[in-house]
Each structure stands twice: as structure tokens, then as C-alpha cells.
*Asks:* 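Below are the C-alpha cells for one structure; questions will follow.
Because the structure is predicted, anything quoted here is derived from the model rather than measured.
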Amino acid sequence: MNLDGKVALVTGGSRGIGAATALRLAEAGADVVLTYAVNAEQAAEVVDRIKALGRRALAVGADNADTAAVEAAVEAAVAEFGRLDVLVNNAGVGFVGPLEQTGMDDVDRVLAVNVRGVLAATKAAAKHLGEGGRVITIGSCVTDRVPGPGMVLYAVSKSAMVGLTKALARELAANGVTVNLVHPGPTDTEMNPADGPYAADQASMTAAGRYGKPAEVADTVAFLASPASAYVTGSTISVDGGHAA
């Protein structure tokens with residue numbers, strides 16, 4: 001999985017799966033740009049860790065709900081490093097709550113970040129991605145199996161990524177760009193810690209009986225970003241410990 005000479009942009013790359021992915025791509029040889037919405041200090045720490053690996057790195061503040069900011073982040077990556085080869089659409093927000101308590105402002109926020117932001121980033125990146133380019137989106141295991149009530153809005157937003165991935169695979173194939181989707185299962189992050197109040201129930205729903213690690217998701221993303229995945233496009237890969245089994 002050699003990414004020497006490649007430039008990757010990871011949205012929401014300051015923590016969790018995004019940070020693990022940014023680091024894994026750097027380990028494979030890529031220079032990495034990451035976006036963050038709030039915590040500049042966390043983002044700077046990831047940048048420092050990437051640079052310690054001998055790669056170039058840049059953090060850009062951009063809320064995925066802000067189309068102009070997302071587009072600017074793509075252009076900043078190209079301006080800084082001269083090219084863009086890999087886009088990882090990782091930025092997202094969670095939402096759990098009964099349907100009757102789901103307000104339209106909640107709908108607007110989740111869809112703006114999880115759907116519109118992904119489309120905006122991909123549209124902006126597509127004009128820079130050439131032969132061998134990669135678009136990889138982080139989805140969710142709730143697309144394959146909704147574990148209980150309260151997941152309507154989040155499931156809607158992540159399920160949209162299935163259709164988007166398939167359509168983009170057709171759209172960008174002529175440019176030599178592949179487009180794929182990764183569905184993590186319960187994964188130990190700040191948003192959903194393995195020692196959280198609902199962790200035991202989530203772990204029990206997997207065949208593996210445990211939470212995943214961000215690095216395990218990042219390894220799959222690195223494969224999809226690499227030349228080894230050239231004949232994989234329009235696909236969904238679950239890294240869920242058997243959550244959907």
C-alpha cells in the first residue's frame with residue numbers, strides 16, 4: 001500500500017477514525033491535509049505526528065456543514081502541495097433521539113454535515129483528481145442493521161452514502177477515479193467510547209463481541225487509497241466485527 005508522492009485530504013481528521021486514517025495514510029507515504037470543525041489544538045497534534053513520520057501535513061478549519069469552507073479546504077490542499085490524489089470523507093455528526101423529538105433544525109444540521117458536506121467536498125475534489133484518484137467515504141453499520149429505535153435521522157444520512165457512492169463510481173470512472181464506502185461498526189472513539197454507557201450492548205451485537213479500533217478502520221481506508229484497490233469501485237466494505245452478520 002505505497003502512497004509515496006500522493007496527497008490526501010481527510011475531513012474531520014483531528015480525532016477518532018479521521019485522525020487514525022490521516023496517520024495511516026502518512027505511514028503509507030502520503031502527505032496529508034486534514035480539516036477540523038472546532039478543536040485546533042487536537043488538529044495540530046495530528047499534524048505534528050504526521051510530520052514526525054517524515055511527511056508534510058496541514059490542518060484547515062472547516063465545518064463540513066459550510067459548503068464554502070469545505071470547498072476552500074480542497075483548494076488549500078492543492079495550493080499547499082500542488083495536487084490532490086485521495087479524498088476521505090470522514091467528517092460527520094451523530095444523532096440519537098425519538099422521531100417525535102427530532103426537530104427540523106436537527107434534520108438540517110445532520111444532513112448538511114453528513115450528506116451535503118460529502119457531496120460538496122467530492123464535487124470540489126473531482127476536478128483535481130486524475131488517473132488513480134480515490135474517493136473514500138466513511139459510512140456506518142446502521143446502514144446494514146439498525147440496532148434499535150432513535151436512529152432514524154442518522155441512518156437516513158448514512159444510507160444516502162450508499163447511493164452516492166454507486167453514482168459517483170459511475171460518474172468518475174472515466175477519469176480513472178474509484179469511489180468506495182467503508183461502514184465501521186461500534187468503534188472506540190470520543191463520540192462512542194468503548195467504556196461508554198451503551199458500549200456493552202453495542203459490542204454484544206457484533207460477532208467479534210468487541211468494539212473496533214480506529215486503526216482497524218484506517219487500514220481498510222489505506223487499502224482503498226492504494227494502487228492495490230484499482231479494480232474496486234462502487235463498493236461498500238464493512239469493518240464492523242460482524243455487526244451485520
*Asks:* Please determine, by modelled atom types, if His128 and Glu75 share a side-chain donor-acceptor pair under 3.5 angstrom.
*Replies:*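 Yes, a side-chain donor-acceptor pair sits under 3.5 Å.
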*Asks:* Measure the shortest side-chain to side-chain distance between His183 and Leu181 over non-hydrogen atoms and say whether it is less than 4.5 angstrom.
*Replies:*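 In short, these two side chains touch, coming nearer than 4.5 Å.
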*Asks:* With side chains defined as the heavy atoms from C-beta onward, is the minimum distance between Glu171 and Lys166 less than 4.5 Å?
*Replies:*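 Result no, sub-4.5 Å side-chain heavy-atom pair not found.
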*Asks:* Hey, does the side chain of Asp201 reach the backbone of Met205 with a donor-acceptor pair shorter than 3.5 angstrom?
*Replies:*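 Absent.
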*Asks:* Is any side-chain N of the basic residue among Asp4 and Lys6 closer than 4.0 Å to the acidic one's carboxylate O?
*Replies:*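 Looking at Lys6 together with Asp4, the answer is no, because their closest N to O distance does not fall below 4.0 Å.
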*Asks:* Can you list the steps and then say if Met161 with Val118 is a side chain to side chain contact (heavy atoms under 4.5 Å, CB included)?
*Replies:* CA-CA 9 Å; Met161 296 301 97; Val118 172; 3.8 Å; yes
*Asks:* Backbone N or O of Thr233 within a donor-acceptor pair of the Thr178 side chain at under 3.5 Å?
*Replies:*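 Checking the backbone N and O of Thr233 against the side chain of Thr178, no donor-acceptor pair under 3.5 Å is found.
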*Asks:* Do the non-hydrogen side-chain atoms of Lys51 and Arg56 ever get within less than 4.5 Å of each other?
*Replies:*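 No, too far: nothing below the 4.5 Å cut-off.
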*Asks:* Nearest 0.5 angstrom please: Arg24 CZ to Leu3 CG, how far?
*Replies:*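 Going from the CZ atom of Arg24 to the CG atom of Leu3 covers 8.0 Å.
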*Asks:* Mind checking the CD1-CG spacing from Ile50 to Asp31? Nearest 0.5 Å is all I need.
*Replies:*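 CG of Asp31 is found 9.0 Å from CD1 of Ile50.
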*Asks:* When you measure from the side chain of Arg116 to the backbone N and O of Ala65, does any donor-acceptor pair fall under 3.5 Å?
*Replies:*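 Such a contact is found between Arg116 side chain and Ala65 backbone.
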*Asks:* Strictly distance-based, threshold 3.5 Å: is any side-chain N or O of Asp240 a donor or acceptor partner for the main-chain N or O of Gly185?
*Replies:*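 Side chain of Asp240 to backbone of Gly185: no pair is present.
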*Asks:* Could you walk me through whether Leu129 and Asn175 satisfy the side chain to side chain contact (heavy atoms under 4.5 Å, CB included) test, starting with their C-alpha distance in whole Å, then the side-chain angles of each, then the deciding distance to 0.1 Å, before giving a yes or no?
*Replies:* CA-CA 8 Å; Leu129 296 172; Asn175 299 333; over 6 Å; no
*Asks:* Is the side chain of Ser235 donor-acceptor paired with the backbone N or O of Val232 at a distance under 3.5 Å, no angle test?
*Replies:*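 A pair under 3.5 Å: no.
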*Asks:* Tell me whether the count of non-hydrogen atoms from other residues, nucleotides or ligands lying under 6.0 Å of CZ in Arg49 goes above 12.
*Replies:*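 No, not enclosed.
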*Asks:* If you look at every heavy atom in Ala22 and Val10, which pair is closest and at what distance?
*Replies:*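 That closest heavy-atom pairing would be CA-CG2, 4.2 Å.
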*Asks:* Donor-acceptor check, side chain of Asp188 to backbone of Lys213, threshold 3.5 angstrom: yes or no?
*Replies:*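 Here the side-chain-to-backbone pair does not exist.
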*Asks:* Verify side chain to side chain contact (heavy atoms under 4.5 Å, CB included) between Thr102 and Val152, making sure each step is shown before the conclusion.
*Replies:* CA-CA 9 Å; Thr102 302; Val152 171; over 6 Å; no
*Asks:* Under the criterion salt bridge (Lys or Arg N to Asp or Glu O under 4.0 Å), I'd like the reasoning laid out for Arg109 against Asp63: C-alpha separation, chi angles, the key distance, then a yes or no.
*Replies:* CA-CA 11 Å; Arg109 173 64 181 170; Asp63 186 330; 3.2 Å; yes
*Asks:* Looking at Ala19 and Val46, what are the two nearest heavy atoms and their distance?
*Replies:*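 Minimum heavy-atom separation between Ala19 and Val46: CB-CG2, 3.9 Å.
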*Asks:* Going by atom types alone, do Thr122 and Asn89 pair a side-chain donor with an acceptor below 3.5 Å?
*Replies:*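 Their side chains do contain a donor-acceptor pair, which is all the 3.5 Å distance test asks for.
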*Asks:* To the nearest 0.5 Å, what is the distance between CZ on Phe95 and CG on Leu111?
*Replies:*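 Rounded to the nearest 0.5 Å, the CZ-CG separation comes out at 11.0 Å.
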*Asks:* Is it true that Asp85 and Arg134 make a salt bridge, defined as a side-chain N closer than 4.0 Å to a carboxylate O?
*Replies:*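 Arg134 and Asp85: not salt-bridged.
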*Asks:* Going by distance alone, is a donor N or O of one side chain under 3.5 Å from an acceptor N or O of the other, for Asn192 and Tyr211?
*Replies:*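 Yes, side-chain donor-acceptor contact under 3.5 Å.
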*Asks:* With no hydrogens and no angle check, do the side chains of Thr236 and Asn180 hold a donor and an acceptor under 3.5 Å apart?
*Replies:*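 There is no such pair (donor and acceptor under 3.5 Å, judged by atom type) between the side chains of Thr236 and Asn180.
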*Asks:* Is a side-chain donor or acceptor of Lys158 paired with a backbone partner of Ile138 at a separation under 3.5 angstrom?
*Replies:*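 Flag set: sc Lys158 to bb Ile138 pair under 3.5 Å.
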*Asks:* Quick one: side chain to side chain contact (heavy atoms under 4.5 Å, CB included) partners of Ala120, sequence neighbours excluded?
*Replies:*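 With neighbours one apart ignored, the set is Thr67, Val70.
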*Asks:* Would you name the heavy atoms of Val239 and Glu216 that are closest together and state the gap between them?
*Replies:*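 Minimum heavy-atom separation between Val239 and Glu216: CG1-O, 3.9 Å.
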*Asks:* Sub-3.5 Å donor-acceptor pair from the side chain of Arg55 to the main-chain atoms of Val32, do we have one?
*Replies:*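 No.
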*Asks:* Step by step, work out the side chain to side chain contact (heavy atoms under 4.5 Å, CB included) result for Thr187 and Ile17.
*Replies:* CA-CA 8 Å; Thr187 305; Ile17 291 172; 4.1 Å; yes
*Asks:* How does the hydrophobic cluster around Val146 look, that is, which other residues are in it when side-chain heavy atoms under 4.5 Å mark a link?
*Replies:*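 Besides Val146, the cluster holds Val96, Val142, Met151, Tyr154.
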*Asks:* What's the spacing between Ile136 CD1 and Thr21 OG1 if we round to 0.5 Å?
*Replies:*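 It comes to 8.5 Å.
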*Asks:* Under 3.5 Å, is there a donor-acceptor pair between the side chain of Arg210 and the main chain of Ala203?
*Replies:*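 Looks like no, no N/O pair under 3.5 Å.
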*Asks:* Please report the closest heavy-atom contact between Ala76 and Leu58, naming both atoms and the distance.
*Replies:*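 Ala76 and Leu58 have their closest heavy atoms at O-CD2, 4.3 Å.
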*Asks:* Which residue, Val182, Val135, Leu25, forms the side-chain contact (heavy atoms from CB on, under 4.5 Å) with Val88?
*Replies:*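 Option passing the side-chain contact (heavy atoms from CB on, under 4.5 Å) with Val88: Leu25.
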*Asks:* With side chains defined as the heavy atoms from C-beta onward, is the minimum distance between Thr35 and Leu9 less than 4.5 Å?
*Replies:*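 A side-chain contact under 4.5 Å exists here.
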*Asks:* Where do Ala222 and Met1 come nearest, in terms of heavy atoms and distance?
*Replies:*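 Nearest pair, atom of Ala222 first, then Met1: C-SD, 3.6 Å.
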*Asks:* Quick one: pull up CD in Glu27 and CG in Asp219 and give me the separation to the nearest 0.5 Å.
*Replies:*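 Here the interatomic distance stands at 8.5 Å.
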